[in-house]
There are 2 protein chains.
Amino acid sequence: MVNGEKVGIGRALPMAGERTRAERRDAAENRQQILAAAAELFAARGVEAVSMDEIARAAGVGKGTLYRRYAHKGALCQALLDENTRRMQGAVLDGLRDRQRGALDHLADFLAHLVAHNEENAELLSAVSDAAFGSRRDAFYRSAPYQWQRLMITGFLRRAVADGECRDLDIDYLTDALLAPLDIDLYLFQRRALGLEQARIVAGTQRLLIDGLRARG
Amino acid sequence: MVNGEKVGIGRALPMAGERTRAERRDAAENRQQILAAAAELFAARGVEAVSMDEIARAAGVGKGTLYRRYAHKGALCQALLDENTRRMQGAVLDGLRDRQRGALDHLADFLAHLVAHNEENAELLSAVSDAAFGSRRDAFYRSAPYQWQRLMITGFLRRAVADGECRDLDIDYLTDALLAPLDIDLYLFQRRALGLEQARIVAGTQRLLIDGLRARG
DNA sequence: TGGAAAAGCGGACGGCAGTCCACTCATAAT
DNA sequence: ATTATGAGTGGACTGCCGTCCGCTTTTCCA
């Protein structure tokens, strides 16, 4: 994470040809302070129990500074998730190297990776979801991580159709519909309230999405 | 809606044999005032722009009274949705009268009803979702309307399996997974940001859930 | 190197959610 | 009718989010 903020909700990447200014040294230091303080407080007391005021105080910056970087707690959590997200993305891309396997197989693997990511980052993901309310609601769907997931799914589906693995599909609709059952809030409800095992969720998702419901033949 | 609050997030129904006291007259009047005031303010300025203080003031009650009835704005919205929800539930049950059709057909109809419900009650449903954050998150999944939806789906799936319409299914997992693509936030993203038509969402949902992805035969 | 412009800073502030608790009053039992 | 009970009431209060804006620091360019 050399220059932070590349993937999160943060500032858009500079357009080609646009004059861009390097991040100021003091600002960079403050950003590290903020992330470190937030990580420590979250680890100690849980994300929900920590207020933005508190994070600012612990980081030794004013609230204005904190909010300049991270528009809300969700954005801050996204930044903290950044590294894990990249790792997961890398693992997915590695798996794609195997050109022998069909697109639907790749899709199934991809879904398993997403479930594992949910499992490992549940608290932060849940906090991101919490912070996304009202007009921020579709910011989640527009965020880089979600758009990356869409891109991957779209690719799998296109290839599956092209290779004759699938009948013709409404890809634009399906892309989001396939991701919906992996929603972190639903995931946590299934894991905690219903007591379903992670493996069962993976298997169920794959079977539903890939095999469909109706009896074969 | 004779005695209100039967379906919403409100107080649980009295257990059998439990001494229950009728709602006090003044309390009942206040509840009507609150619902009327909220409906009017919401209609005039949109749900998001109206604060709980404002509703209390407009209803001529104190905040304590308002919060006693409705623990948060989401619960209030649920109460306002109550009548429409019942209507939708009634329409679904009517459709079930036709015993000729298979369970999967019934399921497909059911999904169409839910999409229509989303379309017609988007703002209030969205507000309910907004208000469900943090520890209230799974209150949504435990709410009567959602549990009713689960119950319906479970029934369809059981019958479909019993009648041989489906291969064996992990019903406990599938129930929630089938509902996930109908999530109001996703629905609004698809309708507004992606510009998908309602009919397309209905068709896509039905095909995904009922026909699956893989090429037939 | 000097200075202008941009970026960064932070605390005061406004508004809202939700809690609390002392008081009121409808209801039911006697 | 009287009274005991506890549901109902409402406004003051706390804490938090997010904004605003005058001040400071850094960077860039001449």
Side-chain angles (χ1 to χ4, degrees), chain A residues 3-5 9-11 14 18-34 37-38 41 45-77 127-128 130-136 139, chain B residues 3-5 9-11 14 18-34 37-38 41 45-77 127-128 130-136 139:
Chain A
N3 191 20
E5 291 313 289
I9 288 186
R11 193 174 19 262
E18 190 178 332
R19 279 302 274 164
T20 179
R21 213 163 165 137
E23 186 180 39
R24 271 169 54 162
R25 222 191 348 272
D26 53 349
E29 271 160 28
N30 276 342
R31 184 156 50 70
Q32 292 311 320
Q33 293 299 320
I34 289 170
L41 286 171
R45 310 215 314 272
V47 176
E48 259 202 85
V50 178
S51 77
M52 290 294 266
D53 293 75
E54 218 169 347
I55 294 169
R57 222 176 308 130
V61 305
K63 280 181 60 163
T65 304
L66 174 55
Y67 275 97
R68 161 173 288 270
R69 288 332 158 97
Y70 304 106
H72 47 88
K73 203 153 83 172
L76 181 49
C77 290
V128 170
D130 273 3
F133 64 91
S135 53
R136 277 207 294 263
Chain B
N3 192 21
E5 290 313 289
I9 288 186
R11 193 176 17 264
E18 188 177 335
R19 279 302 275 163
T20 179
R21 212 165 164 132
E23 184 180 40
R24 270 168 57 165
R25 224 193 338 277
D26 52 350
E29 271 161 27
N30 275 342
R31 185 156 49 71
Q32 292 311 320
Q33 293 298 320
I34 289 169
L41 286 171
R45 309 214 315 272
V47 176
E48 259 203 85
V50 178
S51 76
M52 289 294 265
D53 292 75
E54 217 168 349
I55 294 168
R57 222 176 309 130
V61 305
K63 280 182 62 164
T65 304
L66 174 55
Y67 275 98
R68 160 173 287 272
R69 288 331 158 102
Y70 304 106
H72 48 87
K73 202 153 82 172
L76 181 49
C77 290
V128 170
D130 272 3
F133 63 91
S135 54
R136 277 207 294 264

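No hydrogens, no waters, no symmetry mates; every other heavy atom, side chains included, goes into these values. The structure presented is a predicted model; accordingly, all values stated were derived computationally and were not measured.
Here the P atom of nucleotide C/dA26 and the CD atom of B/E29 are 10 Å apart, to the nearest Å. Atoms CD1 (A/I34) and C1' (C/dG10) sit 11 Å apart, rounded to a whole Å. Per the geometry, CG belonging to A/L66 stands 14 Å off P belonging to C/dG8, to the nearest Å. Spacing between atom CZ of A/R69 and atom P of C/dG10 amounts to 10 Å, rounded to whole angstrom units. Following rounding to the nearest Å, B/I55 (CD1) and D/dG10 (P) show an atom-to-atom distance of 15 Å.
Closest heavy-atom contact between A/A75 and A/A71: CB-N, 4.0 Å. Residue B/G74 comes nearest to B/V128 through the heavy atom pair O-CG2, 3.7 Å, listed as atom of the first residue, atom of the second, then distance. Contact between B/A28 and B/R69 at its shortest, heavy atoms only, is N-NH2, 4.4 Å.
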*asked:* For A/E48 and B/F133: C-alpha separation, side-chain torsions, deciding distance, then whether side-chain contact (heavy atoms from CB on, under 4.5 Å) applies.
replied: CA-CA 10 Å; A/E48 259 202 85; B/F133 63 91; 5.6 Å; no

*Which letter, B, S or -, goes with each nucleotide of nucleotides 13-23 of chain D from 5' to 3', with contact meaning a protein heavy atom under 4.0 Å?*
---SBBBB---

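For the OP1/OP2 pair of C/dG8 and a distance below 4.0 Å, the side-chain nitrogens and oxygens of A/N30 include no atom meeting the criterion. Using a 4.0 Å cut-off, some side-chain N or O of A/R25 falls inside it from OP1 or OP2 of D/dT27.
Between the side chain of A/D130 and the backbone N or O of B/G134, at least one donor-acceptor pair lies under 3.5 Å.
The structure places NZ of B/K73 at 8.0 Å from CE of B/M52, a figure rounded to the nearest 0.5 Å.
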